[in-house]
Amino acid sequence: MALHPEAAALLARSHRLGSDPRNTNYAGGNASAKGAAPDPVTGDDVELMWVKGSGGDLGTLTAEGLAVLRLDRLRALRSVYAGVEREDEMVAAFDYCLHGKGGAAPSIDTAMHGLVDAPHVDHLHPDSGIALACAADGEKLTADCFGAKVAWVPWRRPGFQLGLDIAAVKDANPEAIGCVLGGHGITAWGETSQECEDNALHIIRTAEAFLAERGRPEPFGPVLDGYEPLPRAERRARAAALAPHLRALASKDRPQVGHFDDSGAVLDFLARTEHPRLAALGTSCPDHFLRTKVRPLVLDLPPTAEAALAVERLGRLHAAYREEYAAYYARHAEPGSPPMRGADPAIVLIPGVGMFSFGKDKQTARVAGEFYLNAINVMRGAEAVSSYAPIEESEKFRIEYWALEEAKLRRMPRPKPLATRVALVTGAGSGIGRAIARRLVAEGACAVVADLDAKSGAAVAEELGGPDRAVAVTVDVTSEEQVAAAFDAAALAFGGVDLVVNNAGISISKPLEETTVRDWDLQHAVMARGSFLVSREAARVMRAQGFGGDLVYIASKNAVFAGPNNVAYSAAKADQAHQVRLLAAELGDDGIRVNGVNPDGVVRGSGIFAGGWGAQRAATYGIEEEKLGEFYARRTLLKREVLPEHVANAVFALTGGDLTHTTGLHIPVDAGVAGAFLR
């Protein structure tokens, strides 16, 4: 069915507005259009409204993300509205105004769009507009900036009454093209879609110019001596060292994934004298503090302080933060309030280093950081022309612990088994490693695709969904420095590491007398030394996080089965197999489980077999190389060929949550080789 022209124009407008972060934040704001369409029952034209549904994002909005409502029924709700005390009941009433199947679930802002007497309405959260909305004298500044063209609406929680307020302001100000909503954002309207968009952009750009022209220099105050940003390499090393400790703090109530931002705006804010005062005031726009919590945790030490001192101080600040958050909840909670969701910070600010943000997944963590960057921009604008004056703490609580917000959280799908877990897989650019990374990401994990081949690693990371799900690191596992750098990259990308798979390997298949010392050393350097270096670094990170973890070795049937012409490879695999037992015994007290998988005959999709190993083994057995997979399958008890995905299945079985009390185990994935049965 063809999309209504007004709805199509609304989508195009939404995409243009939502693609520019100066206009609104991710998933913030909404837009609507009104128009006539036939009633599916009577065939008569009825007035409809298309509006962005709950939880959507303007920049990526689709037709399925629009709620479609009967305008006459929506406006008729005025007669049953019982006042702000019964505000929340109105959202449920929107369902009775839907047209046909109704599309997406209507959002809390639906009333704003329906009650305002204009064919097109945009509600946005631009930093410039919120700066005026959160200034101590925002009403006067709005008049100074726009004159009669833009009205002022005092703070009111989003909902039906706010829609009535804006409708009344529009009626009382016929010259106005929109309004600034105190503590919130802006709303614009127009007779056509283009006029509405033009009006919204006029408000945003005019506010930007006003702040730039009227703003005083250094709105955050002078630079605080000793709090200047560290040089890039130094601050990133410091961030990587702190990240696992910070993730531990942010995950006290529930596991979190991290994100790091050391952009210039963040570093400048943290270098200025006023940052402690402003950070303590918290964010203001409802979208901001729903993502960032009521305020951030701020380290009160210069970046040159000893790392151990910083970690110790952060621990004490975190304990105080949790006490203060619990007190905040107790001050404002009512008998019907949802239970406290957790007292850990979502944003941690480290002067001279940057900002860490945390969430249930990478996207949530990243977006939380983006929202705090919005808040910094808002504070800068407000302080430049006035003083930053966010809404009252009690109002923030009403938004954060709103019954409607709680209902939205409860509608979220159940987390996947590996949600919040960060996996680093070596040799993940192809073959078994690629299959393992794919399975772990499919089960909810974030993945660090570690491979010597930068191009293949990057391709796999992109295939897995890009930076919100996977990042690539180029690493030679024989290099102590490169292994450490890979874990640092994981810490900066996701906050730490929980699950490590030692999969990187090479294979040299030669008779004893033809095996050189170089062959032996190279084979052991990659697999025995490489696994040791990776596991040692993994243990360091996991211990810093303090919530255990998983180490999985992809060993081999050859670790326990003696075959011809394979001394270097099989001896290295035996070394790996015993590392599993040794580390399981050593790391158990830290909650780190160490297990192994013993594959055999993984020919199809295997980088090792494609790299010459297949030809060598085929020659050993006197068969054609293309028949090698069939040969391995025929000699098994199950007569089945083993694929990379079967190895990945075993890794998930060990780490997916059902084998929580298993460590020191090797799982054969060889279709049944009696000679390799473990004893």
Side-chain angles (χ1 to χ4, degrees), residues 425-428 431-437 439-440 477 499-509 523-524 526-528 530-532 534-535 550-585 593-609 613-614 617 620 628-629 631-656 658-659 662-679:
V425 183
T426 65
I432 291 173
R434 174 175 174 266
I436 292 169
R439 179 63 191 274
L440 298 181
V477 295
L499 193 167
V500 170
V501 182
N502 275 309
N503 170 74
I506 61 169
S507 54
I508 300 171
S509 175
Q523 188 73 73
H524 281 72
V526 173
M527 295 199 301
S531 295
F532 152 69
V534 169
S535 295
D550 280 287
L551 281 170
V552 180
Y553 281 65
I554 306 304
S556 170
K557 173 249 345 181
N558 288 35
V560 294
F561 179 84
N565 303 337
N566 211 8
V567 63
Y569 177 83
S570 294
K573 284 298 182 185
D575 186 309
Q576 286 185 309
H578 199 47
Q579 284 187 37
V580 168
R581 292 184 281 268
L582 292 166
L583 296 185
R593 303 181 316 115
V594 189
N595 294 291
V597 178
N598 288 349
D600 184 49
V602 184
V603 178
R604 277 195 282 167
S606 167
I608 283 181
F609 275 91
W613 172 262
R617 299 317 292 163
T620 297
L628 192 58
F631 171 81
Y632 283 136
R634 283 198 306 270
R635 73 182 188 183
T636 69
L637 300 175
L638 298 176
K639 305 297 187 288
R640 296 174 185 169
E641 187 173 355
V642 180
L643 302 176
E645 289 71 23
H646 300 139
V647 183
N649 293 344
V651 173
F652 174 65
L654 286 167
T655 60
D658 288 338
L659 298 179
T662 298
T663 191
L665 173 70
H666 278 278
I667 297 181
V669 182
D670 56 14
V673 177
F677 285 175
L678 298 174
R679 295 171 178 84

Peer 1: Any heavy-atom pair between the side chains of Ile554 and Ile436 that's under 4.5 Å?
Peer 2: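 Ile436 vs Ile554: side chains touch.
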Peer 1: Do the side chain of Glu641 and the main chain of Tyr632 share a donor and acceptor less than 3.5 angstrom apart?
Peer 2: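 The answer is no, because no donor-acceptor pair under 3.5 Å joins these two groups.
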Peer 1: In sequence, state the C-alpha distance, the side-chain angles, and the governing distance for Asn598 and Val669, and then conclude on side-chain contact (heavy atoms from CB on, under 4.5 Å).
Peer 2: CA-CA 6 Å; Asn598 288 349; Val669 182; over 6 Å; no
Peer 1: Roughly how far, to the nearest 0.5 Å, is the NE2 atom of His666 from the CD atom of Gln576?
Peer 2: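 NE2 of His666 is found 9.0 Å from CD of Gln576.
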Peer 1: What heavy-atom pair brings Val647 and Pro599 nearest, and what distance separates the two atoms?
Peer 2: CG2-CB, 3.8 Å
Peer 1: Quick check for you: to the nearest 0.5 Å, what is the distance between Ser535 atom OG and Leu583 atom CG?
Peer 2: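 Atom-to-atom, Ser535:OG and Leu583:CG are 5.5 Å apart.
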Peer 1: Ignoring hydrogens and geometry, is there a side-chain-to-backbone donor-acceptor pair from Arg593 to Thr662 under 3.5 Å?
Peer 2: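 Pair found, side chain donor or acceptor close to backbone of Thr662.
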Peer 1: Roughly how far, to the nearest 0.5 Å, is CG of Leu638 from CG of Asp670?
Peer 2: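 The CG atom of Leu638 is 8.5 Å from CG of Asp670, to the nearest 0.5 Å.
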Peer 1: Val534: which residues meet the side-chain contact (heavy atoms from CB on, under 4.5 Å) condition with it, sequence neighbours left out?
Peer 2: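 For Val534, the residues satisfying side-chain contact (heavy atoms from CB on, under 4.5 Å) (neighbours in sequence not counted) are Thr426, Val477, Val483, Phe487, Val500, Asn502.
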Peer 1: Which atoms form the tightest heavy-atom contact between Ala437 and Ala428, and what is the distance?
Peer 2: CB-CB, 4.5 Å
Peer 1: With distance as the sole test, does Asn503 use its side chain to make a donor-acceptor pair with the main-chain N or O of Gly427 at under 3.5 Å?
Peer 2: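 Flag set: sc Asn503 to bb Gly427 pair under 3.5 Å.
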Peer 1: Using side-chain contact (heavy atoms from CB on, under 4.5 Å), reason through Val651 and Val501 one step at a time and then give a plain yes or no.
Peer 2: CA-CA 8 Å; Val651 173; Val501 182; 4.1 Å; yes
Peer 1: Minimum heavy-atom separation for Ala584 to Thr663, with atom names?
Peer 2: CB-OG1, 3.5 Å
Peer 1: So, taking the atom named NZ in Lys557 and the one named CG in Leu678, what distance separates them when rounded to the nearest 0.5 Å?
Peer 2: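 These two atoms lie 13.0 Å from each other.
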Peer 1: Looking at CZ of Phe652 and CG of Leu440, how far apart are the two atoms once the value is rounded to the nearest 0.5 Å?
Peer 2: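 Going from CZ on Phe652 over to CG on Leu440, the span is 8.5 Å.
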Peer 1: Please report the C-alpha distance between Leu665 and Val580 in whole Å, then the side-chain angles of each, then the deciding distance to 0.1 Å, and finally whether the side-chain contact (heavy atoms from CB on, under 4.5 Å) criterion is met.
Peer 2: CA-CA 8 Å; Leu665 173 70; Val580 168; over 6 Å; no
Peer 1: Tell me if a side-chain donor or acceptor on Ser570 pairs with a main-chain N or O of Val567 at a distance below 3.5 Å.
Peer 2: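 No, the answer is negative, given that no donor and acceptor are paired below the 3.5 Å cut-off.
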Peer 1: Find out whether Tyr569 and Asn558 are in side-chain contact, i.e. whether some heavy atom of one side chain is under 4.5 Å from a heavy atom of the other.
Peer 2: yes
Peer 1: For residues Gly664 and Asn595, report the shortest heavy-atom separation together with the two atoms involved.
Peer 2: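 Closest approach of Gly664 to Asn595: N-OD1, 3.1 Å.
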Peer 1: Look up atom CG in Asn566 and atom OG in Ser507, then write down how far apart they are to the nearest 0.5 Å.
Peer 2: 8.0 Å
Peer 1: With no hydrogens and no angle check, just 3.5 Å: does a side-chain donor-acceptor pair link Gln579 and Tyr553?
Peer 2: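 Yes, because at least one side-chain N or O of Gln579 sits under 3.5 Å from a partner of the opposite role on Tyr553.
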Peer 1: Using modelled atom types only, decide if a donor and an acceptor are shared between the side chain of His646 and the backbone of Leu643 within a distance under 3.5 Å.
Peer 2: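 Yes; at least one donor-acceptor contact below 3.5 Å.
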Peer 1: Determine whether Pro668 and Phe677 make a side-chain contact, defined as any pair of heavy atoms from C-beta on separated by less than 4.5 Å.
Peer 2: no
Peer 1: For Asp600 and Arg635, work out which heavy atoms get closest and say how close.
Peer 2: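 Smallest interatomic distance, heavy atoms only, reads OD2-NH2, 3.0 Å.
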Peer 1: Taking all non-hydrogen atoms of both residues into account, name the closest pair between Met527 and Ala572 and its distance.
Peer 2: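 Looking at all heavy atoms of both residues, the closest pair is CE-CB, 3.7 Å.
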